[in-house]
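Hydrogens, waters and symmetry mates play no part in the numbers below; they use all other heavy atoms, side chains included.
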Amino acid sequence: MALLKFRKESKFKYRNLLDLNDSKKAFNSPLSVICHIDLNAFFAQCEQLRLGLSDNDPVVCVQWNTLIAVSYAARDYGVTRMDRLEQAKLKCPNLIPAHTAVFKKGEPTWKYVDYVPSPVNHKVSLDPYRREGKKVLNIFRSECDLVEKASVDESFMDLGRLVFSKIMSLFPSFLDNMKSTSDKLPVIDKLPEGLDFKGFMIKKDNEAEEEPEIAGENNIYLVEDWDDLVILIGSMICYDLRKKVEENLGYKTSGGVGRVKTIAKLASGYQKPDQQTIIRNDAIPNFLKHFRLTDFWSLGGKTGTWINENLGGETPISTIREHYSNLEDLTKILDKNAELAEKIYLMVRGEYAAPLEDREAVKSMASNKNFRGNSVSKRDDLIPWIRVFVGELLLRIQDTDEEYNSIIRPLKMTLSVLSSSGVRHSKQCTLTQSPKDYDLLSQMYHSTSLALLKHLEVIWNETTPSQKMFPIINACLSILVFVNLSGINTLDELMPNIRKRRVEDVKTGQIIETEHEFKKVKNETLLEKFINSRERTSPSPEMKFDNIPDTENTDNCRICGDKIDITEWQTHQDFHLAVNLESKINRNFEESYGERLLNSTGRNKKLNKKSNKAQDRNQSKLPF
DNA sequence: TACTCACAG
DNA sequence: GGCTGTGAGTA
C-alpha cells in the first residue's frame, strides 16, 4: 500500500515533469519512467499456445536435440536449457517436446512437421516466434509512443507521456501556480483515490526496519516525492500493458519499472514469471545489492571482466559506488577511458540514462545454416540450401511488406561461406532491381545468390588456393540496406545509374531492350552486370569463368546453342533465366513506377516538389 | 567492401 | 550450444 509522505519541498522542478511529455527529453529527466517487459520462456510459450496446452504442461521448445526454451512448468522438474532432450526426459517423463518449425532442404517454406527433423535435411525456422513477438510489440505500440524492441521477446517503453497525461488528469490544476519551469514542483498533500503501486516492491532504506528489504501485500511503501509518484503511476501502466498482452494473446510476461533502462531491465528479470518489480529511485542502492557489475547490459562479456580486473577483482556495485565517489578516480582506474568511466559511474548509481531507440526498421536479414560433417562437400550440395535461404528471406520480406503495407526491398545481398578448413569468404553485391512481384523477386534472388556463389569459388581459388572451399560447414545469405519503394517518387536517390538510363529511355520514348543489353554484355556474368551497372569507378575483379579448366564434359545449350562446360551449366542457365527475368522485371517495374517516374522527370515540377515533401513527412513516420 | 570481434537473447 | 541479430573497428 502506498503512503503519501511528501517532503516539505520537492527535490524536482516543473521542468523535470514537463520533460516527460517530450519523447526526446523524457529519458533524461530525473522523473523519467522506463519499463521493460520480457516474455517468459517465450518460444516455449509460443509452442504451448500453438498446441493448445496449459501453463501446467511441461513444454520445451526443441531444436534438434537441444532445448532452446524451457517452460516454467518444465523448470519445476529441474529441466534447464543446458539439458539435452534425453536428459530432460529423464528428469520429466511427461515432458512435451515441441520442435521448432523447419525448412526442408530444397524447399522455400517452413512447416511444423510431425516427425523429428534432422539437421542434415532441415533448417530451423524461428519465423513463428518473430511473428508472435511482433504481435506483442504491436500491442505495446498501440499504447505507448516510444517502444524500443530489444529482441524478439523483450521491449523497453518510455512511459513519460502516459505518466504525464495521467498526472494532468489527476491534478488538473497543478500547473496553475507555476511561474517558471525551474520552480520547484508543488507538494502533494493527498494521494488521489485508486492510486497504488502494482507489483513487487524493492524497499528503501527507511522502509527496511522489518526483516527483508522486500515485503508483501500488507506493507506500506512511501511516496515521498514526485519521483515516487511517477514510478507508482508507471507501475500501474506497466501492469495494464502486461495484462493487455495476456488477455489478447495469452502470453505471460515479466516487467520492470524504473528511472532508466538498465534498472528497468534488471527489474524485469528479478521476479519471474508473470510478475513485475518496481524500483523507486531511493530503492536503487538496495536493489543493486542483488547484482554484480557484469549483470548490467553490455558488461556481461570481456568489457565487464576487464573492468573488474582493473578494479582489482570482482567488486560489489555498492563498493564501486562508494569508493569511486568522484569520476576522475574511476577514469584513472579504467585506463583513462572517460566514456566508459562515466557510464559505469552513472550505472552503479542507477543514473545511466540512455535514450530509447525507436528503430523498428530491420537493418539486415540473414538466413544461416551450419552443416555437419561432409553433408555439403560440393557445389551441388549447397544449391538446395540456397533455395531454402532465398525462401526464408522472401517470406520475411513478404511479412515486412504486409506489416507496413509497403514495398520494402534490400539494396544489397551478401553470401558468406565457411569452409571446413576454417577459411571464411563473403561476397556482397548491389541489387539493382527490386520487383514487387514475389515470384520474380525470388527468382532474382536465386540467380543472384548463385552468381555470388560462383564468385566465391573464384575468390577461393584466387586468394586461398591452398585451402579447399569444400566441404562447407556454414553458409549464410543476407540482405541488407532496406528501402521503402512505396514512397519513392524519383528513383534518383535510390539507384543512380539505372534510373538515369531509364529516365532517358522514358524521355526518348525508347523501350528498354534489356535482352539486347544482356547479349551485348554476354561475356559478363549476371553478377558483373549487377555490380558494374551501379558504377564503374571501382571495377570488380574480373571473373574469368572462361578460364575454368577444360573438361570433356561439355554440352550444347538448347537456348543459344553455345558449347557449355558442364561446370558452367548452372551458371549458364541462370544467365538465360536472368535475361528472361530481366525483361519481366522491367515490365513489372515500369508498371509499378513508370507513372511516378514520368512525374518526376520534370513534366510537373510543382507537383513533384509537393509530393516529395509529402514523402519526407511520410518517411519520417514510416519505419523505413 | 571484406573481415573480425564483442555482445546479447 | 545453435541460431539470429546489431554495432564497432580495421584495412
Side-chain angles (χ1 to χ4, degrees), chain A residues 36 38-44 61-70 80-85 87 99-103 110 117-119 122-130 133 148-156 254 261-262 265 268-269 272 294-307 339-340 354 357 359-372 388-389 392-393 396 411-418 422-430 452 455-456 459-460 462-464 473-482 531 534-535 537-541:
Chain A
H36 180 263
D38 193 305
L39 290 139
N40 309 131
F42 183 45
F43 294 2
C61 179
V62 177
Q63 168 181 284
W64 316 138
N65 49 20
T66 64
L67 310 185
I68 55 176
V70 180
T80 75
R81 265 174 53 127
M82 290 301 125
D83 291 322
R84 313 289 283 184
L85 183 53
Q87 300 168 288
H99 199 282
T100 64
V102 289
F103 290 89
W110 55 259
S118 93
H122 301 83
K123 176 190 183 318
V124 162
S125 171
L126 302 180
D127 235 46
Y129 313 129
R130 259 194 298 269
E148 177 179 322
K149 177 187 166 194
S151 76
V152 67
D153 63 358
E154 53 178 310
S155 297
F156 291 99
S254 60
K261 278 162 78 175
T262 51
K265 162 92 177 155
S268 76
K272 294 196 287 190
T294 48
D295 291 329
F296 282 113
W297 196 87
S298 81
L299 300 182
K302 295 193 172 180
T303 315
T305 310
W306 179 84
I307 293 170
E339 203 180 320
L340 182 63
E357 292 189 42
R359 54 171 147 74
E360 18 190 333
V362 180
K363 305 240 166 76
S364 69
M365 291 177 188
S367 184
N368 184 59
K369 168 82 185 157
N370 293 328
F371 305 111
R372 312 206 169 175
V388 170
F389 293 160
E392 179 168 27
L393 295 178
R396 294 191 58 189
L411 287 181
K412 292 179 188 302
M413 175 178 280
T414 303
L415 181 66
S416 168
V417 163
L418 176 61
V423 178
R424 178 183 287 284
H425 285 299
S426 66
K427 181 64 191 165
Q428 188 174 86
C429 74
T430 301
L452 285 169
H455 205 149
L456 276 181
I459 289 175
W460 232 280
E462 284 176 354
T463 62
T464 48
I473 57 176
N474 169 275
C476 177
L477 185 69
S478 47
I479 47 180
L480 48 155
V481 193
F482 291 90
I531 294 169
R534 193 158 158 264
E535 45 196 61
T537 49
S538 57
S540 63

**Prompt:** With A/S155, which residues qualify under side-chain hydrogen bond (donor to acceptor under 3.5 Å, both in side chains), at least two apart?
**Reply:** none

**Prompt:** Are side-chain heavy atoms of A/E154 and A/K149 found at a separation under 4.5 Å?
**Reply:** no

Collect all protein-nucleotide pairs involving nucleotides 3-5 of chain B in which both atoms are nitrogen or oxygen and the distance is under 3.5 Å.
residue : atom : partner : partner atom : Å
B/dC3   : OP1  : A/H425  : ND1          : 2.6
B/dC3   : OP2  : A/S426  : N            : 2.4
B/dC3   : OP2  : A/S426  : O            : 3.0
B/dC3   : OP2  : A/S426  : OG           : 2.8

**Message:** Using a 4.0 Å heavy-atom cut-off, does A/L299 contact any base of the nucleic acid, only the sugar-phosphate backbone, or nothing at all?
**Reply:** sugar-phosphate

**Request:** Could you tell me whether the side chain of A/M413 reaches within less than 4.5 Å of the side chain of A/L452, counting heavy atoms only?
**Result:** yes

Using nucleotides 8-11 of chain C, report all nitrogen or oxygen pairs with the protein that are shorter than 3.5 Å.
none

**Prompt:** So what does A/T303 hit on the nucleic acid, given a heavy-atom distance under 4.0 Å: a base, only sugar-phosphate, or nothing?
**Reply:** sugar-phosphate

**Request:** Output all residues satisfying side-chain hydrogen bond (donor to acceptor under 3.5 Å, both in side chains) with A/D127, sequence neighbours left out; order by chain, then residue number.
**Result:** A/W110, A/R130

**Prompt:** Excluding sequence neighbours, so at least two apart, what forms ring pair (Phe, Tyr, Trp, His ring centres under 6.0 Å) with A/Y129?
**Reply:** A/F43

**Message:** Considering every strand and a 4.0 Å limit on heavy-atom distances, what is the contact class for A/R372: base, sugar-phosphate, or nothing?
**Reply:** nothing

**Prompt:** Is the phosphate of B/dA2, meaning OP1 or OP2, less than 4.0 Å from a side-chain N or O of A/S416?
**Reply:** no

**Request:** Check the distance between C/dT4's C1' and A/N474's CG and give it to me in whole angstrom.
**Result:** 12 Å

**By side-chain hydrogen bond (donor to acceptor under 3.5 Å, both in side chains) - contacts of A/H425 (at least two apart)** = A/T463, A/T464

**Item:** Minimum-distance nucleotide (side-chain atoms of A/K363 versus C/dT6, C/dT4, C/dG1)
**Value:** C/dT6

**Request:** Could you list the residues that satisfy side-chain hydrogen bond (donor to acceptor under 3.5 Å, both in side chains) with A/R372, not counting sequence neighbours?
**Result:** none

**Prompt:** Between C/dG5 atom C1' and A/E148 atom CD, what is the distance in whole Å?
**Reply:** 14 Å

**Message:** Let's see if you can work this out: which of C/dG5, B/dG9, C/dT4 has an atom nearest to the side-chain heavy atoms of A/R396?
**Reply:** C/dG5

**Item:** d(CZ, A/F296; P, B/dG9) in whole Å
**Value:** 14 Å

**Message:** What contact category does A/R81 fall into here, base, sugar-phosphate, or nothing, at under 4.0 angstrom with non-hydrogen atoms?
**Reply:** base

**Prompt:** Given C/dT6, is OP1 or OP2 found less than 4.0 Å from the side-chain N or O atoms of A/S364?
**Reply:** yes

**Item:** Any A/K412 side-chain N or O less than 4.0 Å from OP1/OP2 of B/dT1
**Value:** yes

**Asked** Whole Å only: how far is the CZ atom of A/R130 from the C1' atom of C/dT4?
**Response** 7 Å

**Prompt:** Expressed in angstrom and rounded to an integer, what is the separation of A/R84 atom CZ from C/dG2 atom P?
**Reply:** 8 Å

**Prompt:** What's the CG-P distance between A/L480 and B/dT1, to the nearest Å?
**Reply:** 9 Å

**Request:** Measure the distance from CG on A/L393 to P on C/dG5 and round it to the nearest whole Å.
**Result:** 9 Å

**Complete:** By ring pair (Phe, Tyr, Trp, His ring centres under 6.0 Å), A/F156 pairs with (sequence neighbours left out) A/H36

**Asked** Going by distance alone, is a donor N or O of one side chain under 3.5 Å from an acceptor N or O of the other, for A/D38 and A/S254?
**Response** no

**Complete:** Out of C/dG1, B/dG9, C/dG5, minimum distance to the side chain of A/A366 belongs to C/dG5

**Asked** Looking at A/Q428, does any N or O in its side chain come under 4.0 Å of the phosphate oxygens OP1/OP2 on B/dT1?
**Response** yes

**Message:** Within the 3.5 Å criterion, strictly below it, is a donor on A/T66 or A/R84 matched to an acceptor on the partner's side chain?
**Reply:** no

**Message:** The side chain of A/W297 is closest to which nucleotide in this list: B/dA8, C/dG2, C/dG1?
**Reply:** B/dA8

**Complete:** For A/R81, the side-chain contact (heavy atoms from CB on, under 4.5 Å) test, sequence neighbours excluded, returns A/V70

**Request:** Check whether any side-chain nitrogen or oxygen of A/K149 sits under 4.0 Å from OP1 or OP2 of B/dA8, and answer yes or no.
**Result:** no

**Request:** Please state how far atom CD in A/E154 lies from atom P in B/dG9, giving the value in whole angstrom units.
**Result:** 6 Å

